[in-house]
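For reference, the structure discussed in these notes is given below.
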There are 2 protein chains.
Amino acid sequence: MADGPTNSSGENLLFLTDEQLRKGIEAMFFAYRGFTADPDRILDEHGYGRAHHRALHFINRTYGTTVNNLLLVLGVTKQSLNRVLRTLIEDGLVESRIGKTDRRERNLYLTEAGAALERALSEAQRERMRAAYRAAGPQAVAGFRQVLEAMMDDEIRRQYNTLRERRT
Amino acid sequence: MADGPTNSSGENLLFLTDEQLRKGIEAMFFAYRGFTADPDRILDEHGYGRAHHRALHFINRTYGTTVNNLLLVLGVTKQSLNRVLRTLIEDGLVESRIGKTDRRERNLYLTEAGAALERALSEAQRERMRAAYRAAGPQAVAGFRQVLEAMMDDEIRRQYNTLRERRT
DNA sequence: CTTGGAATGTCAACAAGGCTGACATAAAAT
DNA sequence: ATTTTATGTCAGCCTTGTTGACATTCCAAG
């Protein structure tokens, strides 16, 4: 099952052929397609795209976040994010309130309808993730997370690690 | 390290909270960004996008593949693929030969220049994958691959499994 | 053999969502 | 008080997805 010989501590003896790495690359590509497939279907019914999903997800996660905050996490330009936000606000899924301390900022919140769509999307995605986790087992899940974390860019990993438990 | 209690065989006792699953979802999102970051930079210098990378990758992998074959793997429409292929052919990175047995088909090959770019792209991507694998260790890598496979759609998993070793 | 359908690939036009540039407004600094 | 900086919005471009229309080639039914 392991991809090469190891010593007792399981470190430093990974012999990785280009072919093994290539296989990993393709696994990542194909798995990501599966990962987005279910929410994509739901989004399509509502006339939205993946960009809307990402926005809903992170607004839900960090209640009252600002536009600036959001685009740091999403890694897109504010102009690009703005288009998506505008439609979500117009459609009544997101509420944008002028900042209390800094009136340049806009604090973002999901409305009831926004929260409902977010729930539907993330439930579909969680369902697939849950099934994959169940099929692979807890040890595999731990390894999965370790490799993914190691694959992130450094600043992003910090972002990722500052997630804290939240109630919906 | 495990995500929940397990019995001796490590199966069937995964208690997955929504928060744990949400963390996995975000890990996937952020890791995929890292995964594509290095090739994206190279592509940008050449005026290409991710679509070109995918085409180069799979043409390299399955030498002489047809357009039809390719778009099944890539999961896009032939019209979309065609635009990308056309530029690659015009730029002399890909050669398109009329099929020998079926003259409707086009067999696709990388030229020397195309192979060189593919090598540069995949080397950058492999380097990140290699670093992540090294950091996480062989057991984690095995788990990573298991979860990714479980996350794919069924037909895609078949595609993925029919990969065979190839020399560049 | 011919003819009608199915398969393969190309061309055209449209939509989503990236991008940069220009700008209004608010805050901060000089 | 005025300049500089930060946040967010509006306009327009480009890549890459989409569907529709079509030419070519193959194959099967008559």
Side-chain angles (χ1 to χ4, degrees), chain A residues 29 32-33 36-37 39-59 64-91 94-109, chain B residues 29 32-33 36-37 39-59 64-91 94-109:
Chain A
F29 171 65
Y32 198 78
R33 277 229 309 253
T36 55
D40 280 354
R41 267 187 288 277
I42 297 173
L43 288 160
D44 207 55
E45 295 166 11
H46 295 250
Y48 294 130
R50 240 174 249 181
H52 300 86
H53 183 187
R54 293 195 282 266
L56 290 172
H57 175 102
F58 285 105
I59 293 173
T65 187
T66 64
V67 173
N68 209 16
N69 240 320
L70 202 50
L71 56 90
L72 287 176
V73 177
L74 293 174
V76 299
T77 59
K78 57 184 175 175
Q79 296 89 332
S80 179
L81 175 58
N82 184 260
R83 189 193 300 110
V84 170
L85 277 182
R86 198 187 331 167
T87 70
L88 290 174
I89 292 167
E90 282 170 3
D91 296 354
V94 168
E95 198 188 332
S96 162
R97 296 188 210 141
I98 292 178
K100 272 208 138 55
T101 60
D102 187 335
R103 292 172 45 79
R104 290 172 303 182
E105 294 182 343
R106 300 287 179 273
N107 294 111
L108 303 170
Y109 306 88
Chain B
F29 171 63
Y32 198 79
R33 277 230 309 254
T36 55
D40 280 354
R41 268 187 288 275
I42 298 174
L43 288 160
D44 207 54
E45 295 166 12
H46 295 252
Y48 294 130
R50 236 174 253 181
H52 299 87
H53 183 187
R54 293 195 281 265
L56 290 172
H57 175 103
F58 284 106
I59 293 172
T65 187
T66 64
V67 173
N68 209 16
N69 241 318
L70 202 50
L71 57 89
L72 287 176
V73 177
L74 292 174
V76 298
T77 59
K78 57 185 176 175
Q79 296 90 330
S80 180
L81 176 57
N82 184 261
R83 188 193 302 111
V84 169
L85 277 181
R86 199 188 330 168
T87 71
L88 290 174
I89 291 167
E90 281 169 5
D91 296 352
V94 168
E95 200 189 330
S96 163
R97 296 187 211 141
I98 292 178
K100 271 208 138 54
T101 58
D102 188 334
R103 294 173 43 80
R104 289 172 304 181
E105 294 181 344
R106 300 288 179 273
N107 294 110
L108 302 169
Y109 306 88

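Bear in mind the structure is a predicted one, so any value in this text is a computation, not a measurement. Atoms considered below: every heavy atom in the structure, side chains included; atoms not considered: hydrogens, waters and symmetry mates. Lettering of chains follows the sequences in order, A, B, ..., and the numbering in each one begins at 1.
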Parallel, tilted or perpendicular: ring planes of A:F29 versus B:F58, cut at 30 and 60 degrees: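 If you compare the ring of A:F29 with that of B:F58, the planes turn out tilted.
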Side chain to side chain contact (heavy atoms under 4.5 Å, CB included) partners of B:R103, counting only residues at least two apart: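 For B:R103, the residues satisfying side chain to side chain contact (heavy atoms under 4.5 Å, CB included) (neighbours in sequence not counted) are B:I98.
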Any residue meeting side chain to side chain contact (heavy atoms under 4.5 Å, CB included) with A:R41, in chain and number order, not counting sequence neighbours: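 Applying side chain to side chain contact (heavy atoms under 4.5 Å, CB included) to A:R41 gives A:A37, A:D38, A:R128.
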Interatomic distance where [atom1] belongs to [X] and [atom2] belongs to [N] [whole Å]:
| X | N | atom1 | atom2 | value |
| --- | --- | --- | --- | --- |
| A:H52 | D:dG17 | NE2 | C1' | 15 Å |
| A:L74 | D:dG8 | CG | C1' | 15 Å |
| A:D44 | D:dT19 | CG | C1' | 13 Å |
| B:L56 | D:dT16 | CG | P | 12 Å |
| B:R50 | C:dC19 | CZ | P | 11 Å |
| A:L43 | C:dA16 | CG | C1' | 12 Å |
| A:I98 | D:dA6 | CD1 | C1' | 16 Å |
| B:L81 | D:dT18 | CG | P | 11 Å |

side-chain N/O B:T77 vs D:dG17 OP1/OP2, d < 4.0 Å: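 False: B:T77 side-chain N/O out of range (4.0 Å or more) of D:dG17 OP1/OP2.
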Footprint string (nucleotides 5-12 of chain C, 5' to 3'): B base within contact, S backbone only, - free, heavy atoms under 4.0 Å: -BBSBBBB
Under the salt bridge (Lys or Arg N to Asp or Glu O under 4.0 Å) test, residues paired with B:D102 that sit two or more places apart: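 Testing B:D102 for salt bridge (Lys or Arg N to Asp or Glu O under 4.0 Å), a comparison that skips the adjacent residues, returns B:R104.
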Residues in salt bridge (Lys or Arg N to Asp or Glu O under 4.0 Å) contact with A:R50, at least two apart in sequence or another chain: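 Expected list: A:D40.
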Can you list, pair by pair, the side-chain donor-acceptor contacts under 3.5 Å of residues 70-89 of chain B, counting residues two or more places apart and other chains?
{"residue": "B:T77", "atom": "OG1", "partner": "B:S80", "partner atom": "N", "Å": "3.4"}
{"residue": "B:T87", "atom": "OG1", "partner": "B:H52", "partner atom": "NE2", "Å": "3.2"}
{"residue": "B:T87", "atom": "OG1", "partner": "B:V84", "partner atom": "O", "Å": "2.9"}

